[in-house]
Amino acid sequence: MTEPGDATTADAGPLAVLRGAVRALPSADAPDEAFDAAEHAARFEAVHDAMVAVLADVDRT
């Protein structure tokens, strides 16, 4: 079951998507032993895209 504001819901707002993308980033406190550069790049790209969507949403208001 998804919680309100969960980025996995189909009707998630841009801010909820950004929060989900940030939660998916690797933690600096628990370094990942199996570092996959492509996976990390995809996660940071998702954060970038979500941030652009939030800024576009703010610009429309």
Side-chain angles (χ1 to χ4, degrees):
M1 181 169 169
T2 59
E3 297 178 19
D6 189 351
T8 59
T9 59
D11 58 346
L15 189 55
V17 173
L18 177 59
R19 287 179 179 149
V22 169
R23 279 193 303 266
L25 291 175
S27 172
D29 296 334
D32 186 11
E33 292 181 21
F35 181 80
D36 182 0
E39 183 179 332
H40 287 290
R43 288 177 179 173
F44 281 101
E45 184 178 3
V47 170
H48 173 266
D49 292 346
M51 206 177 288
V52 168
V54 167
L55 293 173
D57 192 44
V58 168
D59 192 41
R60 283 191 291 268
T61 59

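Just so we're clear, the structure is a prediction, and the values are computed from it rather than from any experiment. Reckoned from all heavy atoms, side chains included, excluding hydrogens, waters and symmetry mates.
Contact annotation: the side chain of R43 never approaches that of V47 to less than 4.5 Å [non-hydrogen atoms, C-beta and beyond].
Listed by first and then second residue, the salt bridge (Lys or Arg N to Asp or Glu O under 4.0 Å) pairs that reach into residues 44-58 are D57-R60, sequence neighbours excluded.
Linking ILVMFWY residues whenever their side-chain heavy atoms come closer than 4.5 Å, directly or via other members, places L25 and V54 in the same cluster.
Of the residues V22, L15, V17, the one that meets the side-chain contact (heavy atoms from CB on, under 4.5 Å) test with R19 is L15.
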